[in-house]
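Letters A, B, ... mirror the listed sequences (proteins, then strands); counts begin at 1. When reading the values below, keep in mind they use all heavy atoms of this one structure, side chains included, and skip hydrogens, waters and symmetry mates.
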There are 2 protein chains.
Amino acid sequence: MTGGRRVRLVDVAREAGTSVSTVSRVLNGSEQISFEVSNHVRSVAARLGYRADGAAKELKLGQVRTIGVTVPDLANPFFPEVLKGLGAGARAAGYRLLISESGEDPDEELRLTEELTSHASALVLCSSRLRPKHLARILDGPIPVVCVNRTAKQAGVVCVDYRSGSRQLLDHLANLGHRRIAYVGGPPASWSDGQRRRTLRTLTRKMGMELAEITGGWSGDHGYDAGPEVLGIGATAVITFNDLVAIGLLSWLHDTGVAVPGAVSVTSYDDIPVAAYARPPLTSLRNQRAQLGRLAWDHLSARLAGDQWPQPVMLTPTLIVRASTGRPLENGEADPA
Amino acid sequence: MTGGRRVRLVDVAREAGTSVSTVSRVLNGSEQISFEVSNHVRSVAARLGYRADGAAKELKLGQVRTIGVTVPDLANPFFPEVLKGLGAGARAAGYRLLISESGEDPDEELRLTEELTSHASALVLCSSRLRPKHLARILDGPIPVVCVNRTAKQAGVVCVDYRSGSRQLLDHLANLGHRRIAYVGGPPASWSDGQRRRTLRTLTRKMGMELAEITGGWSGDHGYDAGPEVLGIGATAVITFNDLVAIGLLSWLHDTGVAVPGAVSVTSYDDIPVAAYARPPLTSLRNQRAQLGRLAWDHLSARLAGDQWPQPVMLTPTLIVRASTGRPLENGEADPA
DNA sequence: ATGAAAGCGCTAACAA
DNA sequence: TTGTTAGCGCTTTCAT
């Protein structure tokens with residue numbers, strides 16, 4: 001940067017020997033400007049390096065064209081892909097994304113959303129960790145809110161159908177002959193973890209299976225650390241909160257010499273790209289993350305246009321069966337690996 | 001959202017039976033306000049759900065407190081960690097991050113940076129893919145710019161020292177007895193790929209090694225697809241642009257039945273968390289990503305305070321040796337795996 | 001086709 | 001301690 005004050009409209013006008021309105025019209029592509037003046041103003045503006053002041057423009061125009069987005073953690077590959085889908089739609093409509101990361105902290109997320117409320121024209125909360133009371137407060141605020149992977153009244157809602165996903169996972173494991181399942185859970189404030197837990201509990205009971213719940217988290221380390229407990233619990237199959245946890249767990253099992261899927265099957269949610277590259281490749285529930293983002297934009301877009309919120313959308317994930325799941329040894333079969 | 005117009009300062013003032021300045025003072029924590037008035041105004045503001053208009057506030061204050069950030073791709077785990085470090089520093093100083101993703105497209109990045117220039121008080125370009133001419137134009141603009149992983153005049157510069165890293169990688173491989181190395185490259189517009197390439201070329205020549213360069217990219221798929229060429233080229237060791245590429249390549253080698261590191265050693269740059277969980281665990285160059293972000297903020301912070309840019313910083317990465325590298329078979333030894 | 005001026009919502013200097 | 005008001009940089013109506 002060359003330093004010095006910011007160049008304003010009036011500076012360009014003075015330098016070009018014309019008025020601010022003319023400059024404004026030229027730079028905003030108004031029709032009724034003579035060709036010469038237009039060219040002259042343009043060249044002066046370029047020479048001076050004029051950039052419109054965003055704040056002033058927005059204040060005058062009364063619209064911000066910015067979508068505030070919160071995610072618990074950008075390092076979780078789930079979110080960047082949602083943001084891609086969201087960003088594509090938003091950008092096409094002339095909106096920017098203002099992305100903030102809460103670090104899985106509900107209080108920080110509250111601070112961020114309050115902050116964003118005064119800077120954005122809408123909010124997209126991805127896997128919000130907000131306490132219900134605070135979420136309600138935000139939803140009651142002046143700008144529209146879409147929740148991704150969390151349900152809410154008075155908001156757009158776009159979710160992965162984790163209940164269906166959990167059912168698919170259990171069906172798959174049941175068909176293979178598993179009866180004793182461990183679930184390595186996710187972050188405490190996670191709505192989607194709650195969804196999975198409840199469904200897993202209900203279904204395992206119905207299906208005559210046993211479910212052991214283990215404290216987990218969202219990262220590879222959480223999975224690695226859960227290894228001993230998983231083994232101690234005597235489950236023949238493990239479901240983890242997400243692929244990162246599963247990969248960490250696989251790594252511990254490998255280091256410990258436990259055969260997968262011979263001694264224990266491992267499967268999880270999300271099917272992020274590296275799931276296919278895990279050893280063994282991970283059976284996982286593929287969700288359409290970019291589609292989730294795209295739909296979030298569609299909802300917002302409708303609402304910003306003055307319509308009511310569209311009906312909540314639930315995207316059904318697809319089970320991708322790979323080599324990390326197989327028949328349990330206890331069924332009397334030899335390890336196929 | 002409940003709908004209806006936005007509540008302004010004057011609405012609160014009217015409802016509270018006082019003036020705008022009093023309300024403004026209360027809400028901004030000025031001292032000279034009677035306790036009762038303060039409480040009353042606060043409760044009215046809360047009841048009405050007042051949120052300050054960010055644009056107006058910024059226009060008046062003449063400062064945006066927003067740092068515009070561009071990254072080529074949020075799905076590359078390198079960037080979220082840089083953003084964490086950057087965001088921590090920025091937040092502590094009352095700045096927000098406005099994160100945008102260019103999708104590895106130089107033209108899109110140009111559009112984004114021009115856009116951000118009028119909405120942010122500073123820019124941080126992570127691994128910028130801008131053409132030199134366009135980068136120069138941005139640097140010549142009205143707001144300060146920090147480049148992460150790219151050098152530039154008139155800007156703050158914070159880089160990983162890929163030359164040192166490349167040297168460490170080659171020394172490690174040379175010590176193991178490798179002579180014929182393949183480099184699976186990165187995205188075409190990547191400055192850091194250029195750094196690595198040049199250093200690898202120079203050093204291999206000096207060290208009496210051979211270097212074969214293979215077209216790659218930044219994702220697991222790029223690595224997987226590069227498999228056949230890597231094998232065909234007859235190298236005993238492969239260096240890839242980053243860990244994602246390496247993991248994809250490892251996967252192809254596994255599927256093809258090529259022993260690692262028995263038949264071929266694999267190593268790469270970045271040491272993202274999953275590198276430790278790859279099979280075999282990946283020898284990789286650990287860089288301090290969060291530190292990179294923190295330093296980027298320090299540079300910006302100094303500049304925003306009116307100082308000159310600090311000297312460019314180069315962070316030296318550390319080689320983390322794991323099981324994916326070993327002695328080549330050609331040296332007459334048996335595969336230790 | 002161009003210019004003058006009002007006013008977006010807010011903060012702060014000045015007045016009371 | 002509180003109120004009045006100028007003005008941040010911009011767009012746009014209205015006048016010319």
N/O donor-acceptor pairs under 3.5 Å from side chains in residues 61-72 of chain A, not counting sequence neighbours:
| unit_1 | atom_1 | unit_2 | atom_2 | d |
| --- | --- | --- | --- | --- |
| A:Gln63 | OE1 | A:Arg65 | NE | 3.2 |
| A:Arg65 | NH1 | A:Ala93 | O | 2.7 |
| A:Thr66 | OG1 | A:Val64 | O | 3.2 |
| A:Thr66 | OG1 | A:Arg96 | NH1 | 2.6 |

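Rounded to an integer number of Å, the gap from CZ of A:Arg8 to C1' of D:dT11 is 16 Å. The CG-C1' distance, from B:Leu61 to D:dG7, rounds to 13 Å in whole Å. Distance A:Lys57 NZ to D:dT12 C1': 13 Å, rounded to the nearest Å. Atom C1' of nucleotide D:dT12 and atom CG of A:Asn28 are separated by 10 Å, given to the nearest angstrom. Residue A:Arg25 contributes atom CZ, which lies 15 Å from atom P of D:dC10 at whole-angstrom precision. The distance between atom CZ of A:Arg14 and atom P of D:dG9, rounded to the nearest whole Å, is 12 Å. Atom pair A:Gln32:CD and D:dC14:C1' shows a separation of 13 Å (rounding to whole Å applied).
Looking at heavy-atom distances under 4.0 Å, A:Tyr50 makes contact with sugar-phosphate atoms alone, never a base. Counting non-hydrogen atoms under 4.0 angstrom, A:Ile33 reaches the backbone sugars and phosphates but no base. Using a 4.0 Å heavy-atom criterion, one finds that B:Leu59 contacts the bases of the nucleic acid, with or without backbone contacts as well. Residue contacts shown for A:Ala52 are limited to sugar-phosphate atoms, with no base heavy atom under 4.0 Å away. Within the 4.0 angstrom heavy-atom criterion, only backbone atoms of the sugar-phosphate kind lie near B:Thr22; the bases stay farther away. Here A:Val37 lies in heavy-atom contact (under 4.0 Å) with sugar-phosphate atoms only.
No hydrogens or angles were tested; on distance alone, a donor-acceptor pair under 3.5 Å links the side chain of B:Ser21 to the base of D:dG3.
Of the possible polar contacts, one joining the B:Ser118 side chain to the B:Glu115 backbone as a donor-acceptor pair under 3.5 Å is found. Under a 3.5 Å cut-off, the side chain of A:Asp11 and the backbone N or O of A:Arg8 do form a donor-acceptor pair. With hydrogens and angles ignored, the 3.5 Å screen pairs no side-chain donor or acceptor of A:Thr22 with any backbone N or O of A:Thr18. A:Asn149 contributes a side-chain N or O that, together with a main-chain N or O of A:Val160, makes up a donor-acceptor pair within less than 3.5 Å.
For DNA chain C, the span of nucleotides reached by chain B at under 4.0 Å from its heavy atoms goes, 5' to 3', from C:dG9 to C:dA13.
Taking only side-chain atoms of A:Asp53, from C-beta outward, the nucleotide of D:dC14, D:dT5, D:dC10 with the closest atom is D:dC10.
OP1 and OP2 of D:dT2 both lie 4.0 Å or more from every side-chain N or O belonging to B:Ser19.
When all heavy atoms of B:Leu300 and B:Leu123 are compared, the closest pair comes out as CD1-O, 4.5 Å.
Nearest-nucleotide positions on DNA chain D for B:Ser38 and A:Val7 put B:Ser38 closer to the 5' end.
Separating the CD atom in B:Glu81 from the CG atom in B:Asn287 is a distance of 8.5 Å, to the nearest 0.5 Å.
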